[in-house]
Amino acid sequence: MKSKIYYLVVPLLAAFAMFISIWGPEALAEYKDQAILDSPHTESVESAGEGYRYQMNSNEKLYILSCCLSSQTFPESEMSAMTHETEAEVDYQELEGSYAFVVNRRGPSGREITDEQIYATCNDGLQMLKEKEILPEQVREVDASSYDVTLYSAIDVLEPRNNVAVWKMSLSNSQKNADKANRLMDAYIDADDGKIYEFYVRTPLLWEEIDADALVADWADYMGLGEPLPYESDNPLLETTPYFRKYVFAGMGNGQTVVTLGFYEGINELFLKVSR
């Protein structure tokens, strides 16, 4: 009896397996198509308006910022008033020159440091500069009640994907009568990684106590730049102070970035700035 059942079942199973192998894939594909067609589906993608942004290295970002700062023809307060477009709305054909430094009125994109985070980020940066002995320990922390911040976009107009978002932090005008000793006066801070590009800071140091070569080398290491080279010039009137040293870093293409470390006597203000 079992043998008869076996001989009946085996051919039936074989036939069923053959039927499934022929009809199954087509039926499964049709089922999936019905589940997808005529039904809306969503997928998270990166904002198309930011698609032109890509990662530049530290030397390239510093170079773009230096070109934009050097190409300014108006004081920054007037530059801020001159443009009211968001970054996405800037008409690059109407901007004068090859580089533009404009207020980013769109605000942080979601990948950048926000106006609420920038104070803590700046304090973290100041602490790192102190640990590297670039700034003295006496330099005080910043806070929202004493400082103003503005988000800027430094843009290569001819190649807009080359752009750097930076926060400018300045001691508030309401602090005119405040004690400015050991305070950060101005700084440009990378809106992506929080690195401090430029700074003007009151310190208890004298110029004779500052090892300019070592300080700039430590700052270059902090920024992730290559080795600084001395900037050769016989012109003593490059700055409004006699106390300064200039250095050169590789930029983009054949371009170079000039970094100036200087000191204003009397107010004991140490500064580091970038230019072409």
Side-chain angles (χ1 to χ4, degrees), residues 56-76 79 97-99 101 122 125-126 128-130 132-136 139 152 154 156 164 166-171 180 182-190 195-276:
M56 294 186 289
N57 64 39
S58 298
N59 285 76
E60 291 171 337
K61 293 169 74 174
L62 184 69
Y63 178 74
I64 292 296
L65 178 62
S66 70
C67 290
C68 292
L69 292 176
S70 298
S71 66
Q72 290 184 101
T73 56
F74 300 100
E76 288 176 7
M79 190 69 160
S98 299
Y99 296 91
F101 192 65
C122 182
L126 292 176
M128 291 183 67
L129 295 181
K130 292 176 185 179
K132 289 183 172 292
E133 299 184 351
I134 297 170
L135 294 179
V139 174
Y152 285 89
D156 180 347
V164 183
V166 294
W167 282 101
K168 180 179 181 182
M169 179 169 290
S170 302
L171 187 64
K180 296 179 180 177
N182 301 318
R183 301 197 77 159
L184 180 72
M185 304 302 294
D186 288 287
Y188 283 115
I189 305 166
D190 192 291
K195 294 292 182 67
I196 299 177
Y197 288 108
E198 283 196 4
F199 59 78
Y200 290 75
V201 61
R202 303 287 175 90
T203 80
L205 300 176
L206 300 176
W207 179 247
E208 294 77 14
E209 301 174 298
I210 298 170
D211 185 340
D213 292 344
L215 191 154
V216 171
D218 288 339
W219 174 80
D221 178 68
Y222 156 78
M223 291 296 301
L225 304 169
E227 183 180 355
L229 298 175
Y231 179 84
E232 303 296 339
S233 175
D234 297 328
N235 184 0
L237 303 177
L238 292 175
E239 298 293 330
T240 56
T241 172
Y243 307 111
F244 69 90
R245 294 288 298 275
K246 288 183 178 287
Y247 304 83
V248 175
F249 290 89
M252 297 183 74
N254 297 323
Q256 295 179 320
T257 302
V258 177
V259 170
T260 303
L261 181 73
F263 185 82
Y264 293 123
E265 192 177 33
I267 58 175
N268 281 35
E269 186 166 300
L270 176 69
F271 66 86
L272 185 148
K273 68 176 183 177
V274 300
S275 59
R276 282 195 288 186

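Since the model is a prediction, treat every value here as computed from it, not as a measurement.
Judged purely by atom type and a 3.5 angstrom limit, N268 uses its side chain to pair as donor or acceptor with the backbone of L205. Formation of a donor-acceptor pair under 3.5 Å by the T241 side chain with backbone atoms of F263 is found in this model. Without hydrogens or angle criteria, D190 side chain to K195 main chain gives no donor-acceptor distance under 3.5 Å.
The CG atom of D211 sits 10.5 Å away from atom CD of E133, with the distance rounded to the nearest 0.5 Å. For the atom pair E208 CD and E265 CD, the distance stands at 7.0 Å (nearest 0.5 Å). Summarising the geometry, atom OH belonging to Y99 is positioned 8.5 Å from atom OG belonging to S71; distances are rounded to the nearest 0.5 Å. The CE atom of M252 sits 8.0 Å away from atom OH of Y63, with the distance rounded to the nearest 0.5 Å. Between atom CG of residue D156 and atom CE of residue M56 there is a gap of 9.0 Å, rounded to the nearest 0.5 Å. Atoms CD and CD1, on E198 and I189 in that order, are 11.5 Å from each other to the nearest 0.5 Å.
Between Y188 and L69 there is a side-chain heavy-atom pair separated by less than 4.5 Å. Residues C68 and V164 form no side-chain contact, since every pair of their non-hydrogen atoms from C-beta on lies 4.5 Å or further apart. Contact of the S66 side chain with the V258 side chain is not registered, since no non-hydrogen atoms from C-beta on lie closer than 4.5 Å. Side-chain contact between L229 and Y247 is absent, with no heavy atoms from C-beta onward closer than 4.5 Å.
Across all non-hydrogen atoms, the minimal contact from G226 to N59 is N-OD1, 3.8 Å. Here the shortest heavy-atom pairing between D186 and S170 reads OD1-OG, 2.5 Å. Nearest heavy atoms, R276 versus S70: N-OG, 3.1 Å. Nearest heavy atom pair, residue P136 against residue T203, reads CG-CB, 3.9 Å. The two residues V274 and T257 make their nearest non-hydrogen contact at CB-CG2, 4.3 Å. The heavy-atom pair separating F244 from T260 by the smallest distance is CB-CG2, 4.2 Å.
A salt bridge does not link E269 with K180: none of the charged nitrogens is closer than 4.0 Å to a carboxylate oxygen.
Within 6.0 Å of CD in E209 there are more than 12 heavy atoms belonging to other residues, nucleotides or ligands.
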Do any side-chain atoms of residues 217-224 form donor-acceptor pairs under 3.5 angstrom with protein atoms, and if so which ones, sequence neighbours left out?
from, atom 1, to, atom 2, distance (Å)
W219, NE1, I196, O, 3.3
D221, OD2, K132, NZ, 3.0
Y222, OH, I196, N, 2.9

Side chain to side chain contact (heavy atoms under 4.5 Å, CB included) for L270 and L215? Distances and angles first, verdict last. CA-CA 11 Å; L270 176 69; L215 191 154; 4.3 Å; yes
From CA spacing to verdict: side chain to side chain contact (heavy atoms under 4.5 Å, CB included), F101, L65: CA-CA 8 Å; F101 192 65; L65 178 62; 3.9 Å; yes
Is there a side chain to side chain contact (heavy atoms under 4.5 Å, CB included) between F249 and V216 once you walk through the steps? CA-CA 11 Å; F249 290 89; V216 171; 4.1 Å; yes
Go through Y231 and Q256 one step at a time and tell me if the side chain to side chain contact (heavy atoms under 4.5 Å, CB included) criterion holds. CA-CA 11 Å; Y231 179 84; Q256 295 179 320; over 6 Å; no
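The ring pair (Phe, Tyr, Trp, His ring centres under 6.0 Å) test with F271 singles out one residue from Y264, W207, F199, and that residue is Y264.
Under the side-chain contact (heavy atoms from CB on, under 4.5 Å) criterion, S58 pairs with L225, sequence neighbours left out.
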